[in-house]
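I have placed the structure first, in the form of structure tokens, so that the comments after it can refer back to it.
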Amino acid sequence: MAKLVVTLNGAMVGNHFIDKGRITIGRRSGNDIHLDDPSVSKEHAVIQTVGNDHIFEDLGSTNGSTLTGARITKHILQNGDVIELGAYRIKYGNIKANPEMDYDRTMMIRAVDREVGAVPQSAGRDAGSHASVSTARSSLRASFPLGLVRGIKGKFAGQNIELERPLKTFGTAGEQVAVIMRRPPGYFITQVEGNKAARLNGQAIGSGPHILQDGDVIEVGQEKLEFFLK
């Protein structure tokens, strides 16, 4: 399990496991990680869990957050990263963190941006039959069926692609891109790039996340795909 080691003036003052989807950091005592320093904002930053990754985000703090001397606002944490907030240092440890920053993982940040506070749309089906993102986060089901997409048109035509990774991008970089994210209790699709909306079952998906169901047809860029649950 990933963990955060908090130090002050070289001495360890806290050791926190990342055991939930959102870890809050700040001067206010109610934060998951409380940093008693006037240069730290009351609600300074959060760490969000997406698949096997953890994303650090500064919440517009007064004095900011830095990583190896450079100010950051949002960052996919890598094993050994040390983030500075005021006089405190927070070291991230996760031997499963992948050091390769591939395109899928950079798109993940955009998907998370659009997911926060959004409610998945029904895409032409009964809206009451779909779980919201907050419901998805609260579900603790250990597993769910593996998803796959079958290419109908475009570069994946005739191929079956198993969605084993936490996320998979489809489309063309710089034109139109959508991300399928795997998280309990299922798979969600979010458009992260492009002025023209991707389509789900013939309807524009907009900017929010949509939960996918068996047999859904996705159109993004020049690609047309069908989603299945194994």
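Rounding to the nearest 0.5 Å places CG of Asp214 at 12.5 Å from NZ of Lys230. In this structure, Leu148 CG and Leu229 CG are separated by 8.0 Å, a value rounded to the nearest 0.5 Å. Note that the CD atom of Glu43 and the CG atom of Leu59 stand 7.5 Å from one another [nearest 0.5 Å]. Atom CE of Met12 and atom NZ of Lys91 lie 12.0 Å apart (nearest 0.5 Å). Note that the CG atom of Leu200 and the CD atom of Gln213 stand 9.0 Å from one another [nearest 0.5 Å]. With values rounded to the nearest 0.5 angstrom, Leu4 atom CG is found 15.5 Å from Arg89 atom CZ.
Between Tyr187 and Gly147 the shortest heavy-atom distance is OH-N, 2.9 Å. Of all heavy-atom pairs between Val220 and Ala198, the closest is CB-CB, 4.1 Å.
Applying the 6.0 Å contact sphere to CD of Glu162 captures more than 12 heavy atoms from other residues, nucleotides or ligands.
Residues Ile152 and Val149 fall into different hydrophobic clusters, defined by Ile, Leu, Val, Met, Phe, Trp and Tyr side chains chained together at heavy-atom separations under 4.5 Å. With hydrophobic clusters built from ILVMFWY side chains whose heavy atoms lie under 4.5 angstrom apart, Val5 does not share a cluster with Tyr88. The cluster map of Ile, Leu, Val, Met, Phe, Trp and Tyr, joined by side-chain heavy atoms under 4.5 Å apart, puts Leu85 and Leu8 in the same cluster. Both Leu146 and Leu212 sit in one connected hydrophobic cluster of ILVMFWY residues. Membership requires side-chain heavy atoms under 4.5 Å apart, directly or through other members. No chain of hydrophobic side-chain contacts below 4.5 Å, direct or via other Ile, Leu, Val, Met, Phe, Trp or Tyr residues, connects Val217 to Ile189.
A side chain to side chain contact (heavy atoms under 4.5 Å, CB included) with His54 is found for one member of Asp81, Ile23, Thr49 and no other, namely Thr49.
Checked by atom type and distance alone, the side chain of Glu219 never pairs as donor or acceptor with a backbone atom of Arg199 at under 3.5 Å. Side chain of Asn79 to main chain of Asn94: a donor-acceptor pair is present (N/O by atom type, distance under 3.5 Å, no hydrogens or angles). In this structure, His44 contributes its side chain and Gly64 its backbone to a donor-acceptor pair below 3.5 Å. Using modelled atom types, no side-chain atom of Ser65 and backbone atom of Ile72 make a donor-acceptor pair closer than 3.5 Å.
Between Ile83 and Leu77, some side-chain heavy-atom pair lies under the 4.5 Å cut-off. Looking at Phe228 and Asn160, their side chains never come closer than 4.5 Å, going by heavy atoms from C-beta outward.
For Phe156 and Phe170, the distance between ring centers is under 6.0 angstrom.
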Check: residues 26-38 side-chain donor-acceptor pairs under 3.5 Å, at least two apart:
unit_1: Arg27; atom_1: NH1; unit_2: Val40; atom_2: O; d: 2.5
unit_1: Asn31; atom_1: OD1; unit_2: Thr24; atom_2: OG1; d: 3.3
unit_1: Asn31; atom_1: ND2; unit_2: Arg28; atom_2: O; d: 2.9
unit_1: Asn31; atom_1: ND2; unit_2: Lys42; atom_2: O; d: 2.8
unit_1: Asp32; atom_1: OD1; unit_2: Lys20; atom_2: NZ; d: 2.7
unit_1: Asp32; atom_1: OD2; unit_2: Lys20; atom_2: NZ; d: 3.3
unit_1: Asp32; atom_1: OD2; unit_2: Thr24; atom_2: N; d: 2.8
unit_1: Asp32; atom_1: OD2; unit_2: Thr24; atom_2: OG1; d: 3.2
unit_1: His34; atom_1: NE2; unit_2: Arg27; atom_2: O; d: 2.9
unit_1: Asp37; atom_1: OD1; unit_2: Ser39; atom_2: N; d: 2.9
unit_1: Asp37; atom_1: OD1; unit_2: Ser39; atom_2: OG; d: 2.9
unit_1: Asp37; atom_1: OD2; unit_2: Ser39; atom_2: OG; d: 3.2
unit_1: Asp37; atom_1: OD2; unit_2: Ala87; atom_2: N; d: 2.8

*After noting the C-alpha distance and the side-chain angles of Gln176 and Gln191, does the key distance pass the side chain to side chain contact (heavy atoms under 4.5 Å, CB included) rule?*
CA-CA 8 Å; Gln176 188 181 41; Gln191 180 165 327; 4.0 Å; yes
